[in-house]
Protein chains: 2
Amino acid sequence: MKSQFGERVRELREKQNLYLRQVAPFLEMDTAQLSKIEKGSRLLKRDQIPVLAEILKADSNELLVLWLADQLYEVVKDEDVALKAMDAAQETLKSNKRNKRNK
Amino acid sequence: MKSQFGERVRELREKQNLYLRQVAPFLEMDTAQLSKIEKGSRLLKRDQIPVLAEILKADSNELLVLWLADQLYEVVKDEDVALKAMDAAQETLKSNKRNKRNK
DNA sequence: ATTGACTTGTCATATATTGGCAAATATACC
DNA sequence: GGTATATTTGCCAATATATGACAAGTCAAT
């Protein structure tokens, strides 16, 4: 339930001295929702990441990485074989990338 | 939509010379569902993996790893930063494991 | 005790996933 | 050709999960 994405967003928001109520409207949500996002109990929509990044004057890709990482973590967090699964997935990714490049 | 888990299950099932209709009942589903699982368009329930492993005389953990890896892949497959996200998630996993060990 | 920032709970609704069945396809055999 | 068996696909109702909106709550400062 804790989320690296959320924590980072909060950090960035505080660095910009913005209140939830100042940020939330740009994302078309209320402060309650944004609060939950920062706390990690809700997910920001994928396509709002760049919007948020701009408001917070942050790097969109950095936020995206954290946002994805949270979800990856969620999949395997209770599994003994978590790291093995990550390795396997990484392998698949790498070999798919190779194929793409050469197609 | 292609799935390593599904492909492996099919391999194992064929090695055991079993038909879908012979396996499906043990998982309390029909052949159509099992077919979809092998094809990767449906997910087997987490707690059925050991059941399936036993039917196929396979290693439950091996199947679990593939099952998880498919889902990890699904999260990041279209993302440019997929590998970065995986690294980040792996880091989190490792550091959480350290904390668990020492708590 | 009032104000402002944030958090939490609830609940109706939207969205996604699943289960079950029927029909389609594929392959082999006669 | 026609039948039989195995698998696949499409559809849709049922279930489960996620989301949005709002009210009420906590907490800290004054």
Side-chain angles (χ1 to χ4, degrees), chain A residues 1-52 55-56 63-64 66-79, chain B residues 1-52 55-56 63-64 66-79:
Chain A
M1 179 127 159
K2 117 192 291 207
S3 107
Q4 303 204 232
F5 175 79
E7 284 173 11
R8 183 74 179 118
V9 167
R10 175 143 303 187
E11 236 178 69
L12 290 163
R13 179 173 61 82
E14 286 174 347
K15 193 156 60 184
Q16 299 291 325
N17 288 304
L18 295 169
Y19 297 128
L20 289 176
R21 78 178 148 73
Q22 297 175 289
V23 175
F26 290 104
L27 302 169
E28 295 169 283
M29 61 179 68
D30 64 10
T31 62
Q33 277 174 90
L34 186 50
S35 167
K36 284 170 189 168
I37 287 166
E38 288 185 352
K39 292 281 197 175
S41 74
R42 296 254 171 140
L43 217 51
L44 186 68
K45 288 211 168 69
R46 166 72 175 79
D47 61 359
Q48 299 226 276
I49 295 174
V51 180
L52 183 55
I55 302 168
L56 301 180
L63 290 182
L64 176 55
L66 295 175
W67 185 86
L68 291 168
D70 281 346
Q71 283 163 83
L72 292 172
Y73 180 75
E74 199 55 32
V75 172
V76 294
K77 63 168 193 270
D78 297 324
E79 302 286 353
Chain B
M1 180 129 157
K2 117 189 288 207
S3 106
Q4 303 206 230
F5 175 79
E7 284 173 10
R8 184 73 180 118
V9 167
R10 174 143 303 188
E11 238 177 65
L12 290 163
R13 178 173 62 80
E14 288 174 345
K15 193 155 61 185
Q16 300 291 324
N17 288 301
L18 295 170
Y19 297 128
L20 290 176
R21 78 177 148 75
Q22 297 175 290
V23 175
F26 289 104
L27 302 168
E28 296 170 283
M29 60 179 66
D30 66 8
T31 61
Q33 278 174 88
L34 186 49
S35 168
K36 283 169 191 169
I37 287 166
E38 289 185 352
K39 292 282 199 175
S41 75
R42 295 257 170 135
L43 217 51
L44 185 69
K45 287 211 169 67
R46 167 72 176 79
D47 61 0
Q48 300 224 276
I49 295 173
V51 179
L52 183 55
I55 301 168
L56 302 179
L63 291 181
L64 176 56
L66 295 176
W67 184 87
L68 291 168
D70 282 345
Q71 285 164 80
L72 292 172
Y73 179 74
E74 200 54 31
V75 172
V76 293
K77 63 170 193 276
D78 297 324
E79 302 286 353

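The model shown is predicted, which means the values in this text are computed figures rather than measured ones.
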message: A:Lys15: which residues meet the salt bridge (charged side-chain N to carboxylate O under 4.0 Å, His left out) condition with it, sequence neighbours left out?
response: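 A:Lys15 satisfies salt bridge (charged side-chain N to carboxylate O under 4.0 Å, His left out) with no other residue.
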
Partner set under salt bridge (charged side-chain N to carboxylate O under 4.0 Å, His left out) for B:Arg21, not counting sequence neighbours |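 Here no residue qualifies.
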
Detail all sub-3.5 Å separations between protein N/O atoms and N/O atoms belonging to nucleotides 23-30 of chain C.
none

- Item | Euclidean distance, A:Leu68 CG relative to A:Ile49 CD1, rounded to 0.5 Å |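 One finds 6.5 Å between CD1 of A:Ile49 and CG of A:Leu68.
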
From NZ of A:Lys36 across to P of C:dG9 the rounded distance in Å is 9 Å

A:Gln71 CD to D:dA18 P, in whole Å, measures 11 Å

For [X], give me all partners under side-chain hydrogen bond (donor to acceptor under 3.5 Å, both in side chains), at least two apart in sequence or on another chain.
{"X": "A:Glu38", "result": "A:Arg10, A:Arg13"}
{"X": "A:Arg8", "result": "A:Glu11, A:Glu62"}
{"X": "A:Gln22", "result": "none"}
{"X": "B:Glu14", "result": "none"}

Per the under-4.0 Å heavy-atom filter, residues of residues 8-23 of chain A near DNA chain C come out as A:Arg10, A:Arg13, A:Tyr19, A:Leu20, A:Arg21

Report task. Residues of residues 25-35 of chain B with any non-hydrogen atom less than 4.0 angstrom from an atom of DNA chain C: list those, numerically ordered, please. Result ->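 Heavy-atom cutoff 4.0 Å gives B:Asp30, B:Ala32, B:Gln33.
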
Original post:
How far apart are the closest heavy atoms of B:Phe5 and B:Leu52, and which atoms are they?
Top reply: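 For B:Phe5 and B:Leu52, the tightest heavy-atom pair comes out as CZ-CD2, 4.1 Å.
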
By side-chain contact (heavy atoms from CB on, under 4.5 Å), A:Gln48 pairs with (sequence neighbours left out) A:Leu27, A:Met29, A:Leu44, A:Lys45

Sorted by chain and residue number, the side-chain contact (heavy atoms from CB on, under 4.5 Å) partners of B:Leu43 (sequence neighbours excluded) come out as B:Trp67, B:Gln71

Could you check if a side-chain atom of [X] sits within less than 4.5 angstrom of a side-chain atom of [Y], using non-hydrogen atoms only?
{"X": "B:Val9", "Y": "B:Ile37", "answer": "no"}
{"X": "A:Leu18", "Y": "A:Ile55", "answer": "yes"}
{"X": "B:Leu64", "Y": "B:Arg46", "answer": "yes"}

Ordered by number, residues from residues 38-51 of chain A within less than 4.0 Å of DNA chain D (heavy atoms) are A:Arg42, A:Lys45

